[in-house]
Amino acid sequence: MYSNLRKGLFLVTFSGAAMMCPITAHGADTQDKEPRIGIEEVLDSCIASEKDITIENYLVPGKKGKYLDMAFADVETFLYIRSEPTTRCDWVGKLYPNDAAQIMGPVGEWTKVRSGKVTGYVYSKYITVGKKAEETAQEIIKKSKEKKSEKKEPEKEKPEKESLASNEPAAETAGADAAENELEQFFEFAESKEDEEKRLEKEAEEKKKKEEEEAKEKAGSGQAVVDYACQFIGNPYVWGGTSLTNGADCSGFVQSVYKHFGVNLPRTSGAMRGSGKGVSYSDAIPGDIVCYSGHVGIYMGNGKIVNAINSSKGIGVLSATYANIVTVRRVL
């Protein structure tokens with residue numbers, strides 16, 4: 001009875017399996033046994049263990065998703081790629097949100113990946129894999145194509161795609177290159193530690209250059225302020241005054257000079273300490289306001305200020321460090 005049952009199960013199961021996958025013969029464990037069909041071994045094992053047979057578990061899928069071997073960074077900031085599967089080792093690259101990587105090993109607590117020029121390990125909790133990765137890839141491609149269609153006419157790209165398709169059978173390397181180009185066309189990849197250092201260095205240089213250019217522009221407009229203020233050197237100092245010709249005190253002088261350029265400043269030297277943006281004296285440029293305890297002047301450059309000094313000296317020039325500087329303010 002056991003023999004008949006086994007043969008019956010084998011015929012039913014094998015006839016279903018044979019339609020979906022090829023039959024493979026496996027050698028027996030010992031030489032004195034006849035070789036048996038692989039599915040027969042499955043049946044023997046299942047009958048002996050009294051378990052139900054699920055044929056799908058033993059069949060190789062006929063179709064595989066194109067991007068199932070990929071992973072995508074599921075983070076808000078970035079994900080470290082490390083040289084070893086532990087946080088105690090150094091990082092070799094970073095994956096930013098939705099950056100792509102190829103899975104190079106089993107997905108456990110840590111997964112080995114390759115992304116761009118970086119190969120290493122990522123913590124699996126923060127990557128999307130499997131069917132979800134396939135869906136993510138398709139969504140990224142869809143958005144990428146939509147953006148390109150908005151910028152370019154689709155007709156311009158069609159000849160290139162057709163020629164690429166026609167060259168696919170030419171060589172295996174050509175197909176690999178086409179696949180790689182496709183990935184680079186749609187996906188972003190990890191940034192290596194070295195590349196990040198170069199990028200940050202370049203960004204710092206560009207920022208410094210921009211600040212220098214802005215400083216030059218401001219210095220140019222600030223120099224105009226200085227040139228205007230210097231026209232009144234020799235005019236009288238009048239406490240509480242705001243007239244550049246008939247007399248002004250220190251804050252009245254600064255206020256009136258800047259008013260000419262459309263900048264409204266407070267009336268007192270103490271209140272001017274909160275105007276504009278504070279800068280260090282070493283970074284002061286012409287036109288900056290230099291504030292002291294109870295006094296204020298306009299920086300001319302070369303360590304000097306133009307200011308309404310006192311009733312005996314009137315409007316004139318002093319060393320910017322004649323007294324302790326409280327703050328330097330940039331209002332342009």
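Residue numbers run from 1 in the order of the sequence given.
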Novice: Do the non-hydrogen side-chain atoms of Met272 and Pro266 ever get within less than 4.5 Å of each other?
Specialist: yes

Novice: Would you check if Glu196 and Leu200 make a side-chain contact, meaning some heavy-atom pair closer than 4.5 Å?
Specialist: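 Yes, at least one pair of side-chain atoms sits under 4.5 Å.
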
Novice: Ignoring hydrogens, what is the shortest heavy-atom contact between Glu76 and Pro97? Give both atom names and the distance.
Specialist: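 Heavy atoms of Glu76 and Pro97 come nearest at O-CG, 3.6 Å.
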
Novice: Within a radius of less than 6.0 Å around CD of Gln102, do more than 12 heavy atoms belonging to other residues, nucleotides or ligands occur?
Specialist: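 Yes, CD of Gln102 has more than 12 neighbouring heavy atoms, counting only those of other groups under 6.0 Å.
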
Novice: Would you say that Asn98 contacts Glu188 through its side chain, given a criterion of any heavy-atom pair below 4.5 Å between the two side chains?
Specialist: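 Side chain of Asn98 against side chain of Glu188, heavy atoms only: no contact under 4.5 Å found.
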
Novice: Any side-chain to backbone donor/acceptor pair from Arg267 onto Gly240? Under 3.5 Å, distance only.
Specialist: yes

Novice: Quick one: pull up OG1 in Thr128 and CD in Glu134 and give me the separation to the nearest 0.5 Å.
Specialist: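 The OG1 atom of Thr128 sits 12.5 Å away from the CD atom of Glu134.
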
Novice: What residues join Phe78 in its hydrophobic cluster, counting side-chain heavy atom gaps under 4.5 Å, either direct or through other members?
Specialist: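 For the cluster that includes Phe78, the remaining residues are Tyr80, Trp91, Tyr96.
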
Novice: Any idea which heavy atoms bring Ala229 and Val306 closest together, and the distance?
Specialist: CB-CG1, 3.9 Å

Novice: Taking the side chain as every heavy atom from C-beta outward, state whether Val225 and Val257 have any pair of such atoms under 4.5 Å apart.
Specialist: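 Contact flag for Val225/Val257 side chains = yes.
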
Novice: Hey, is the main chain of Leu244 close enough, under 3.5 Å, to the side chain of Asn235 for a donor-acceptor pair?
Specialist: yes

Novice: Has Arg329 got a side-chain atom pairing as donor or acceptor with Ser275's backbone, closer than 3.5 angstrom?
Specialist: yes

Novice: State plainly whether one hydrophobic cluster holds both Ile233 and Val254, where clusters connect Ile, Leu, Val, Met, Phe, Trp and Tyr through side-chain heavy atoms under 4.5 angstrom apart.
Specialist: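 In one cluster with Ile233: Val254, yes.
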
Novice: Got Ile285 and Arg330 here, is their nearest side-chain heavy-atom distance under 4.5 Å?
Specialist: yes

Novice: Verify, without hydrogens or angle tests, whether Ser192 (side chain) and Gly93 (backbone) share a donor-acceptor contact under 3.5 angstrom.
Specialist: no

Novice: Applying salt bridge (Lys or Arg N to Asp or Glu O under 4.0 Å), which residue pairs with at least one partner in residues 110-125 are found, sequence neighbours left out?
Specialist: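 Listed once each, the pairs are Lys117-Asp195.
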
Novice: Determine yes or no for a side-chain-to-main-chain donor-acceptor pair under 3.5 angstrom, with Thr136 supplying the side chain and Lys132 the backbone.
Specialist: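 Yes, Thr136 side chain to Lys132 backbone: donor-acceptor pair under 3.5 Å.
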
Novice: Are Ile289 and Val326 linked, directly or through other ILVMFWY residues, by side chains that come within less than 4.5 angstrom of each other?
Specialist: no

Novice: Looking only at heavy atoms, what is the nearest atom pair of Ser83 and Val92, with distance?
Specialist: CB-CG1, 4.0 Å

Novice: Which pairs would a plain distance check flag for residues 202-211, meaning a side-chain donor or acceptor within less than 3.5 Å of a matching protein atom at least two apart in sequence or in another chain?
Specialist:
| from | atom 1 | to | atom 2 | distance (Å) |
| --- | --- | --- | --- | --- |
| Glu203 | OE2 | Arg199 | NH1 | 3.1 |

Novice: Measuring from atom NZ of Lys193 to atom NZ of Lys94, what distance do you get when rounded to the nearest 0.5 angstrom?
Specialist: 9.5 Å

Novice: Is there a donor-acceptor contact under 3.5 Å from the side chain of Ser269 to the main chain of Val296?
Specialist: no

Novice: For residues Ser115 and Ala100, report the shortest heavy-atom separation together with the two atoms involved.
Specialist: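 Nearest heavy atoms, Ser115 then Ala100: OG-O, 2.6 Å.
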
Novice: For Tyr121, give me all partners under ring pair (Phe, Tyr, Trp, His ring centres under 6.0 Å), at least two apart in sequence or on another chain.
Specialist: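 Applying ring pair (Phe, Tyr, Trp, His ring centres under 6.0 Å) to Tyr121 gives none.
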
Novice: List in chain and number order the residues that pass side-chain contact (heavy atoms from CB on, under 4.5 Å) with Thr87, two or more places apart in sequence or in another chain; answer none if no residue qualifies.
Specialist: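 Testing Thr87 for side-chain contact (heavy atoms from CB on, under 4.5 Å), a comparison that skips the adjacent residues, returns Arg82, Trp110.
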
Novice: Using atom types as modelled and distance alone, determine if a side-chain donor or acceptor of Thr242 lies under 3.5 Å from a backbone N or O of Gly252.
Specialist: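 No, Thr242 side chain to Gly252 backbone: no donor-acceptor pair under 3.5 Å.
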
Novice: Would you confirm whether Asp283, through its side chain, and Ser280, through its main-chain N or O, come within 3.5 Å as a donor-acceptor pair?
Specialist: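 It does not hold such a pair.
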
Novice: Looking at Gln255 and Leu265, what are the two nearest heavy atoms and their distance?
Specialist: NE2-O, 3.0 Å

Novice: Who else is in Val328's hydrophobic cluster (ILVMFWY, side-chain heavy atoms under 4.5 Å, direct or via others)?
Specialist: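 Taking Ile, Leu, Val, Met, Phe, Trp and Tyr as members, Val328 shares its hydrophobic cluster with Val279, Tyr281, Val290, Tyr292, Tyr299, Ile305, Ile309, Leu318, Tyr322, Ile325.
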
Novice: For Ala73, check side-chain contact (heavy atoms from CB on, under 4.5 Å) against everything at least two apart and list the hits.
Specialist: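 With neighbours one apart ignored, the set is Val75, Leu95.
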
Novice: In terms of hydrophobic clusters joined by side-chain contacts under 4.5 Å, are Ile315 and Tyr237 together?
Specialist: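 As far as the 4.5 Å side-chain criterion goes, Tyr237 and Ile315 are not connected within one cluster.
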
Novice: Is the Phe187 to Phe72 ring centre distance short of 6.0 Å?
Specialist: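 Centroid distance Phe187-Phe72: below 6.0 Å, so yes.
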
Novice: By the side chain to side chain donor-acceptor pair (under 3.5 Å) test, which pairs, at least two apart or in different chains, include something from residues 303-319?
Specialist: His295-Asn307, Asn310-Ser312, Ser319-Thr321

Novice: Evaluate the ring planes of Tyr126 and Tyr123, with Trp represented by its six-membered ring, and classify them as parallel (under 30°), tilted (30 to 60°) or perpendicular (over 60°).
Specialist: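 Ring orientation of Tyr126 relative to Tyr123: tilted.
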
Novice: List for me each residue that meets side-chain contact (heavy atoms from CB on, under 4.5 Å) alongside Ala71, sequence neighbours excluded, and say none if there are none.
Specialist: Ile103, Ile127, Val129

Novice: Going hydrophobic residue to hydrophobic residue with side-chain gaps under 4.5 angstrom, can you get from Val122 over to Met104?
Specialist: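 Result: no, two separate clusters.
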
Novice: Under the salt bridge (Lys or Arg N to Asp or Glu O under 4.0 Å) definition, can you give me all pairs with a residue in residues 224-248, not counting sequence neighbours?
Specialist: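 Salt bridge (Lys or Arg N to Asp or Glu O under 4.0 Å) check on residues 224-248 returns no pairs.
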
Novice: Treating Ile, Leu, Val, Met, Phe, Trp and Tyr as nodes and any side-chain heavy-atom pair under 4.5 angstrom as an edge, say whether Ile298 and Val263 lie in one connected cluster.
Specialist: yes

Novice: Applying ring pair (Phe, Tyr, Trp, His ring centres under 6.0 Å), can you list everything that pairs with Tyr228, at least two apart in sequence or on another chain?
Specialist: Phe232, His260, Phe261

Novice: Do the side chain of Ser124 and the main chain of Glu109 share a donor and acceptor less than 3.5 angstrom apart?
Specialist: yes

Novice: Can you tell me how far CD1 of Ile141 sits from CZ of Phe186, rounded to the nearest 0.5 angstrom?
Specialist: 5.5 Å

Novice: Run the side chain to side chain donor-acceptor pair (under 3.5 Å) test against Thr86 and tell me which residues pass, sequence neighbours left out.
Specialist: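 If we apply the side chain to side chain donor-acceptor pair (under 3.5 Å) test to Thr86, skipping adjacent residues, there are no hits.
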
Novice: Tell me whether Asp90 at atom CG has more than 12 heavy atoms from other residues, nucleotides or ligands lying less than 6.0 Å away.
Specialist: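 Result for CG/Asp90: enclosed.
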
